[in-house]
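Below is one structure, written out as structure tokens; the observations come after it.
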Number of protein chains: 2
Amino acid sequence: MHPALLMFIAARHVEQRVLAALREAGHDLTLAQARLLARVPEDGIRLTQLAESAQVTKQTAGFLVDQVEKAGYVERVPDPTDARARLVMVGPRGRQAQKVARTIERRIEREWAEHLGPDRLRLVTDALSDLRQITDPFL
Amino acid sequence: MHPALLMFIAARHVEQRVLAALREAGHDLTLAQARLLARVPEDGIRLTQLAESAQVTKQTAGFLVDQVEKAGYVERVPDPTDARARLVMVGPRGRQAQKVARTIERRIEREWAEHLGPDRLRLVTDALSDLRQITDPFL
DNA sequence: CTCACTTGGTAAGATTCCCTGACCAAATAT
DNA sequence: ATATTTGGTCAGGGAATCTTACCAAGTGAG
């Protein structure tokens, strides 16, 4: 079985667990919204960069940001360095959601460490980090 | 960075490469169609099982099968063991597409082996196979 | 300074994907 | 026989995404 398919399976599992945990915590985010929110850094990001990072068009990113903005997860503030641009910033509610996500992610990581053994998991993580150089178009 | 996100990045990269290769070979499949087609085994599969395997509803699977059937990638034949059911079988065109996909997949695997070293890649693949036991809802 | 070009973003419209709920027909179990 | 399960379709709608086109602010060259 191709490693990429195995990665897909594991990654999908995590996404679903995270999404479920968010819902349980009262955050009714769609998958696409959650993926976007996950990529908004603490110090804000421009829509165009966000789109690039999430691998969607600017229009799609704008559409999704509109939604999570309306729901109170992010805010758009003027970019002080460029009058055309605005920065998408994580709001309080978004920060709380990110915290929920990180918590369940850590739990899953512990599960994986138990299942594989911590050193094997570390090997996998390291290898995947290396792999990123030839698989991540964003960097 | 969470291993699952790294997996997501790598898996997405492969999907896009495969999709591009398919397009180049004249197969104009959408992502969802390709994902489905990838799960149709040589000896056929029932729609319900296909849906389960691809993690979509029966309706979605039926919708997608309709499309790839119209485009000549699969055929629906009566299931000899159950008069209600039909088997989705890979057609000649579908087999050709699968071949294209497997070729590019092998190429990517070689790239990864070069980048990581063959033994590290094998460690990763083995670990991911083990991980499947706790991440694959289908098995 | 001004004119072309780039960059950040929005608008409109269509398509694709996928879901829920309801339903039917064949098979299986009691 | 009747009830339940299993395989599948139909109808309708919502979410995500794309393409094409556009506008407005910044940037660079002459």
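So you know, we letter chains A, B, ... as the sequences are listed, proteins then strands, and number each from 1. Keep in mind it's a predicted model, so treat the numbers as computed, not measured.
- Across every non-hydrogen atom of A:Met1 and B:Thr125, the tightest pair is O-CG2, 4.3 Å.
- B:Leu47 has its CG atom 18 Å from the P atom of C:dA26, to the nearest Å.
- Rounding to whole angstrom units, CG of residue A:Leu64 and C1' of C:dG9 are separated by 15 Å.
- Looking at A:His2, its side chain does come within 3.5 Å of a backbone N or O of A:Ala4 through a donor-acceptor pair.
- Residue-to-nucleotide proximity on DNA chain D shows that, of A:Gln33 and A:Thr81, the 5′-proximal contact is made by A:Gln33.
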Protein-nucleotides 11-14 of chain C N/O pairs under 3.5 Å:
| residue | atom | partner | partner atom | Å |
| --- | --- | --- | --- | --- |
| C:dA11 | N6 | A:Gln59 | NE2 | 3.0 |

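- For A:Arg84, no side-chain nitrogen or oxygen approaches OP1 or OP2 of C:dG9 to under 4.0 Å.
- Taking only side-chain nitrogens and oxygens, B:Thr30 never comes nearer than 4.0 Å to OP1 or OP2 of C:dT16.
- B:Arg86 has its CZ atom 14 Å from the C1' atom of C:dC24, to the nearest Å.
- A donor-acceptor contact shorter than 3.5 Å links the side chain of B:Thr135 to the backbone of B:Leu131.
- For the pair A:Gln67 CD and C:dT10 C1', the computed distance is 15 Å after rounding to whole Å.
- Distance alone, capped at 3.5 Å, is enough to place a donor-acceptor pair between the B:His115 side chain and the A:Asp130 backbone.
- Mapping heavy-atom proximity under 4.0 Å, the span of DNA chain D touched by chain A runs 5' to 3' from D:dA15 to D:dG26.
- For the pair B:Pro41 and B:Arg39, the tightest heavy-atom approach, listed with the atom from each and the gap, is CD-O, 3.2 Å.
- Across all strands shown, B:Thr60 has heavy atoms under 4.0 Å from base atoms, whether or not it also approaches the sugar-phosphate.
- If you check every strand for non-hydrogen atoms under 4.0 Å, B:Arg35 touches nothing.
- Within 4.0 Å of B:Asp79, counting heavy atoms only, lies no atom of the nucleic acid at all.
- Heavy-atom distances to DNA chain C give each of A:Ile45 and B:Ala83 a nearest nucleotide, and the one nearer the 5′ end belongs to A:Ile45.
- In this structure, A:Gln133 places its CD atom where more than 12 heavy-atom neighbours from other residues, nucleotides or ligands lie under 6.0 Å away.
- Proximity of a side-chain donor or acceptor of A:Gln98 to a complementary backbone N or O of A:Arg93 within less than 3.5 Å is not detected.
- Salt-bridge annotation for A:Arg35 and A:Glu15: present, with a side-chain N of the basic residue lying under 4.0 Å from a carboxylate O of the acidic one.
- Comparing A:Lys58 and A:Phe63 by the nucleotide of DNA chain D that holds the closest heavy atom to each, the one mapping nearer the 5' end is A:Phe63.
- Between the NZ atom of B:Lys70 and the C1' atom of C:dT16 there is a distance of 14 Å, given to the nearest Å.
- Across A:Tyr73 and A:Gly26, no two heavy atoms sit closer than the pair OH-O, 4.5 Å.
- Taking atom CZ of A:Arg46 as the reference point, atom P of C:dG9 lies 7 Å away to the nearest angstrom.
- Looking only at distances, no side-chain donor or acceptor of B:Ser53 sits under 3.5 Å from a matching main-chain atom of B:Gln49.
- Here A:Arg17 does not pair with A:Glu105 in a salt bridge; the nearest charged N to carboxylate O distance is not below 4.0 Å.
- The overall bend of the helix from C:dC1-D:dG30 to C:dT30-D:dA1, read as the angle between its terminal helix axes built from five base pairs each, is 30° when rounded to 10 degrees.
- Whole-Å rounding puts the A:Leu87 CG to C:dT7 P distance at 18 Å.
- Of all heavy-atom pairs between B:Ala21 and B:Val100, the closest is O-CG1, 3.9 Å.
- Between the CD atom of A:Glu52 and the C1' atom of C:dT7 there is a distance of 12 Å, rounded to whole Å.
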